[in-house]
Each structure stands twice: as structure tokens, then as C-alpha cells.
Amino acid sequence: MIEYNRPIHQVVIFLVLSTLIGFASNLVRTDSIPWIATKLETVESIDLSSAEPVLVAISLDQAKDFFDKGVLFVDARDEGYYEAGHIKGAMRNGFLMELVFNIEEKQSKNDPLVVYCGDPGCGDSEDLAYDLKDSGFMQLYVFKGGWVEWSEASYPSEVGQ
Amino acid sequence: MNQFFKGPIILICRIVLGGIFIFASLDKIAHPAEFAKAIGNYHVLPFGLENLLALTLPWLELLAGVALITGVMVDGAAIMVILMNIVFIFAISQALARGISIECGCFSVTTEGGDNIGLQTIIRDIGYLIMGFIVFYRRDNLFELYPK
């Protein structure tokens, strides 16, 4: 039986109550989220003609392929990392509105964009890709390997501003 | 159990801790998706479990905060506050040790570029931890509703 004056029982009550309220509120609210976060899937082939918004992960080879085709890259890391070295021609991250403005000066929202950060473990590229998708961009490709894979492959890069 | 502390210090700790935890929970309850992202940035949870935590942790903070202030199940609330702060300190320390610069997600999860983690965040949480221990090891139960 539950003894309300025992601290350990109180702890259980707190845990059960908060779990129940959390789940119940997620059932009724309009901006609910899945219980388990879904990871981005890496695609085998890239369909550039899709009319639906695209947000998928890509491999190093696919990223290089995009690079060779002149697709715009966006570096999702902090300024210091960017200046220490980034993919050649990649746009720096900053405030979202400023970034959106800068991208739109170069291309339309329907054109593909590659977003990357430091290494496969960093989440900044994914976060930024979701933000850009919310801002109306249609084709977002998250290069999960990021700067680490790119620089290890000795693909074109540059330092500084 | 040794009970060291007594007097107004307990009431002060209860109200301050309670207020802080209630305040910290509100923005996270309002924005679970953003809070899940903030948790994900710490890279401590596997398999997308950040969503489960993002849905439940803010309510735990709210309940513990309300319990501390109203004086209901204060022992349990103090233990929860102590445990949560130990987890927070661990999560922030490992992020700092690995050199990842991320937003704290401690109070607000929607402001951009505001509250980054650092040594000051850890010191702040150690302060809360000490206050949690003061409440737990209290000698008198002033203004506590339940259990008497």
C-alpha cells in the first residue's frame, strides 16, 4: 500500500503523476510531438523533382555530388569553427532571419540546400534544417558526416570569413 | 536520519526553489518540441528518448515546485529536486568536457542565442542542490500541509 508519509513513496507519486500528465497533455494539445523522436533517414537516390518539401540525410558522396553541381551549402556551426575551416563556398550560420535573407539573395526557396555541422554526432545541422523548412525552403539535405568527413576526404575547403 | 536545519532558512529555500522550478517548467511545457531539441543537443540520451523526457520532465519540475511551496509531500519534492539537479549538473559537465557549445534549455527554450551553458550554470545548479539538501534535512515542518 502507498504510505504518503514515506519519502520514497512520495517520489514514486511524483514520477507517476508527471508521466501521466505529460502523456495526457500531449494527447490533447495541438502541437503534440511523437513519444520517440524519429531520426532523419538517409536516402539512396535523390529526387529533385518532388513537389513536397524534402528533408533527408545524405552521404559524403551525395554531398560531393551536390557540391560539384554548385548546390549551396550552409554551415550550421558557430562562427569560430566556420572561420577555422569550412566547405568551400558554404554560407555561414547566424540569426535565422538573416540567413534566410542571405540565401534568398542567391536562390529561390525551391532550390536544394545542403546543411552540415561538425560530425555525425552533432545535431545543429538537423535543427537548422528544420528551422529552414519552417521558413519555407523546399529541398533540405542534411550532410550528417559534416566537416569531419569532408575535410578527411580532402574535398575543397577554405578558411576565414 | 540526521536533521540539521531549522528556522526560516527552510521556508526561504522552499519558496525560492519552488518558484525557480515552477518558472523553469512553464516555457518547456508550452514548447515540448523546442525542449526536445535542447535535450537532444546534450547528446546523452539514445534512440530518440529526448521526446519522452521533454514531455514528462517539465511536469515533474512543476509538481515538485508547487509541492515545495504549498508544503505537500515536501520530502519527496526535495528528493526530486536533488535528483534533477544531479542529472542537470552531469549533463552540463559532460557537454562542457566534450567542448560542445549549446544553449542550456534550463529556463527558456525559445529565445535564440541567450542562455548558453558554462561554469556559471553548474555553480547555479550546485546552489539549487544545496538548497534541496537543506530542505530535505530539515528539523521542523513549518507551514507544511501534508503529511503532518
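In the text below, chain A, chain B and the rest are named by the order of the sequence lines, each starting its count at 1.
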For this session: Check each atom of B:A30 against the heavy atoms of chain A and say whether the ones under 4.5 Å are side chain, backbone, both or neither.
Result: backbone
Exercise. Does any heavy atom of chain B fall under 4.5 Å from the side chain of A:L20, the backbone, both, or neither of them?
Worked result: neither
Seminar exercise, completed: When rounded to the nearest 0.5 Å, the distance separating CD of B:E61 from OG of A:S18 is 10.0 Å
Exercise. According to a 4.5 Å side-chain heavy-atom criterion applied to Ile, Leu, Val, Met, Phe, Trp and Tyr, with indirect links allowed, do A:Y82 and A:V100 form part of one hydrophobic cluster?
Worked result: no
Exercise. Do A:I58 and A:I87 share a hydrophobic cluster (ILVMFWY, side-chain heavy atoms under 4.5 Å, transitive)?
Worked result: yes
Exercise. Should we say atom CD1 of A:I8 is surrounded by more than 12 heavy atoms from elsewhere, each under 6.0 Å from it?
Worked result: no
For this session: Give, for atom CD of A:Q10 and atom CD1 of B:I79, the distance between the pair rounded to the nearest 0.5 Å.
Result: 7.5 Å
Exercise. In Å and rounded to the nearest 0.5 Å, what is the CG to CD1 distance from B:L52 to A:I36?
Worked result: 4.0 Å
Problem set entry | CG on A:L15 to CH2 on B:W59, rounded to 0.5 Å | 16.0 Å
Problem set entry | Atom pair CZ/CD1 of A:R29 and B:I29 - distance to nearest 0.5 Å | 8.5 Å
For this session: Heavy atoms only: give me the nearest B:F136-A:P7 pair and the separation to one decimal.
Result: CE1-CB, 4.5 Å
Exercise. Is it the backbone or the side chain of A:S25 that comes under 4.5 Å from a heavy atom of chain B, or both, or neither?
Worked result: side chain
Exercise. Tell me, do A:V11 and B:M73 make a side-chain contact under 4.5 Å, heavy atoms counted?
Worked result: no
Exercise. What about A:V56 and A:F143, same hydrophobic cluster or not, with Ile/Leu/Val/Met/Phe/Trp/Tyr joined at side-chain heavy-atom distances under 4.5 Å?
Worked result: yes
For this session: Group every Ile, Leu, Val, Met, Phe, Trp and Tyr by side-chain heavy-atom contacts under 4.5 Å, then state whether A:V74 and A:V148 land in the same group.
Result: no
Problem set entry | Non-hydrogen atoms of A:F14 and B:A67 that approach each other most closely | CZ-CB, 3.5 Å
Exercise. If two hydrophobic side chains count as joined below 4.5 Å and joins carry through other members, does B:L142 share a cluster with B:I12?
Worked result: no
Problem set entry | Heavy-atom proximity to chain B below 4.5 Å, by part of A:D31 | both
Exercise. Checking heavy atoms, do the side chain of B:A77, its backbone, both or neither come under 4.5 Å from chain A?
Worked result: both
Problem set entry | CD1 on A:I33 to CD on B:E50, rounded to 0.5 Å | 9.0 Å
Problem set entry | Min side-chain heavy-atom separation B:T56-A:F23 under 4.5 Å | yes
Exercise. Would you say A:I21 and B:L63 make side-chain contact, with heavy atoms under 4.5 Å?
Worked result: yes
Exercise. Relative to chain A, which of B:L55, B:L57, B:L62 shows the most heavy atom pairs under 4.5 Å?
Worked result: B:L55
Exercise. Judged by atom type as modelled, is there a donor-acceptor pair below 3.5 Å linking the side chain of B:N51 to the main-chain atoms of A:W35?
Worked result: no
Problem set entry | Charged N-O contact under 4.0 Å between B:K37 and A:D131 | yes
